[in-house]
Amino acid sequence: MAQIRNIGSVDRSALLFDNDWEEVKRGGKSSISNWIDNQMLGCSCTVVLIGSETSQRPWVLEEIKKSWHRKKGVVGIHIHGLKDKQGNVSVKGENPFELLSFDGGKSPIKLSDVVKCYDPQGYTSKERYDWIAKYLSSAVEEAIKIRNLH
């Protein structure tokens with residue numbers, strides 16, 4: 001995921017290395033919640049990089065909920081087919097927006113019916129990475145527009 005943050009298309013995307021995340025987690029639930037809150041300050045959109053286990057991570061779902069309730073744009077980008085640090089190619093994960101809903105007035109609306117989730121095109125890791133680099137800014141802008149409608 002760091003390789004996508006390094007694209008430069010996303011503002012304020014500070015890298016959090018594994019040892020930093022372990023430090024945040026040691027502080028417990030309130031520490032993690034505060035860290036998420038601080039990461040959202042001044043941001044207008046949350047980009048969810050969807051890997052093979054993303055939909056199973058409670059803190060990712062919490063961040064999505066917080067973003068939506070704070071009227072921030074939310075967009076998903078599947079990152080399957082990209083190589084990780086060790087050169088392994090990731091598999092496609094489930095869409096986490098399928099698991100969440102919001103009050104749509106008369107009945108709840110699944111977030112997946114509103115939030116766009118992109119599946120980068122290409123056959124190689126480089127082609128998918130290039131697709132993300134090319135379209136990420138547009139996806140963020142669109143997510144903000146979508147959120148302003150709901």
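When a residue number appears, it is its place in the shown sequence, counting from 1.
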Closest non-hydrogen atom pair, Gly81 against Val89: CA-CG1, 3.5 Å
Heavy-atom pair with the smallest gap, counting every atom of Lys72 and Cys43: NZ-O, 2.6 Å
Salt-bridge contact Glu53-Arg57 (side-chain N to carboxylate O under 4.0 Å): yes
Shortest non-hydrogen separation from Leu100 to Leu61 and the atoms involved: CD1-O, 4.1 Å
Interatomic distance, Lys65 atom NZ to Leu99 atom CG [nearest 0.5 angstrom]: 9.5 Å
Asp130/Lys126 salt bridge by N-O under 4.0 Å criterion: yes
Pair Ile77-Ile50, side chain to side chain contact (heavy atoms under 4.5 Å, CB included): steps then yes or no: CA-CA 6 Å; Ile77 308 285; Ile50 304 168; over 6 Å; no
Worked check of side chain to side chain contact (heavy atoms under 4.5 Å, CB included) between Val114 and Ile146: CA-CA 8 Å; Val114 178; Ile146 289 169; 3.6 Å; yes
Shortest non-hydrogen contact between Phe97 and Val48, atoms and distance: CZ-CG2, 3.9 Å
Between CD on residue Gln39 and CG on residue Asn34, distance to nearest 0.5 Å: 11.5 Å
Worked check of side chain to side chain donor-acceptor pair (under 3.5 Å) between Lys66 and Thr46: CA-CA 10 Å; Lys66 284 184 175 196; Thr46 297; over 6 Å; no
Distance, nearest 0.5 Å, that separates OG of Ser101 from NZ of Lys110: 9.0 Å
Side chain proximity check, Asn95 to Cys117, heavy atoms < 4.5 angstrom: yes
Stepwise side chain to side chain donor-acceptor pair (under 3.5 Å) test for Arg128 and His80: CA-CA 9 Å; Arg128 289 175 186 254; His80 66 288; 3.0 Å; yes
Ring geometry between Trp131 and Tyr135 (parallel below 30°, tilted from 30 to 60°, perpendicular above 60°): tilted
Aromatic plane relationship, Phe102 with Trp68 - under 30° parallel, 30 to 60° tilted, over 60° perpendicular: tilted
Evaluation steps, side chain to side chain contact (heavy atoms under 4.5 Å, CB included), between Glu141 and Ile144: CA-CA 5 Å; Glu141 289 175 25; Ile144 293 167; 5.8 Å; no
Nearest-0.5 Å distance that lies between atom CD1 in Ile109 and atom CG in Asp103: 8.0 Å
Close side-chain approach of Ser31 and Arg26, heavy atoms under 4.5 Å: no
Salt-bridge criterion met for Glu142 and Lys145 (N-O under 4.0 Å): no
Side chain Ser67, main chain Val74, donor-acceptor under 3.5 Å: no
Crowding at CD, Glu94 (>12 non-hydrogen neighbours, <6.0 Å): no
Nearest-0.5 Å distance, CD of residue Glu62 to OG of residue Ser33: 6.0 Å
Flag side-chain contact, heavy atom, 4.5 Å: Ile36 against Ile32: yes
Side chain to side chain contact (heavy atoms under 4.5 Å, CB included) between Met40 and Glu63, intermediate numbers included: CA-CA 9 Å; Met40 288 185 178; Glu63 184 174 7; 3.5 Å; yes
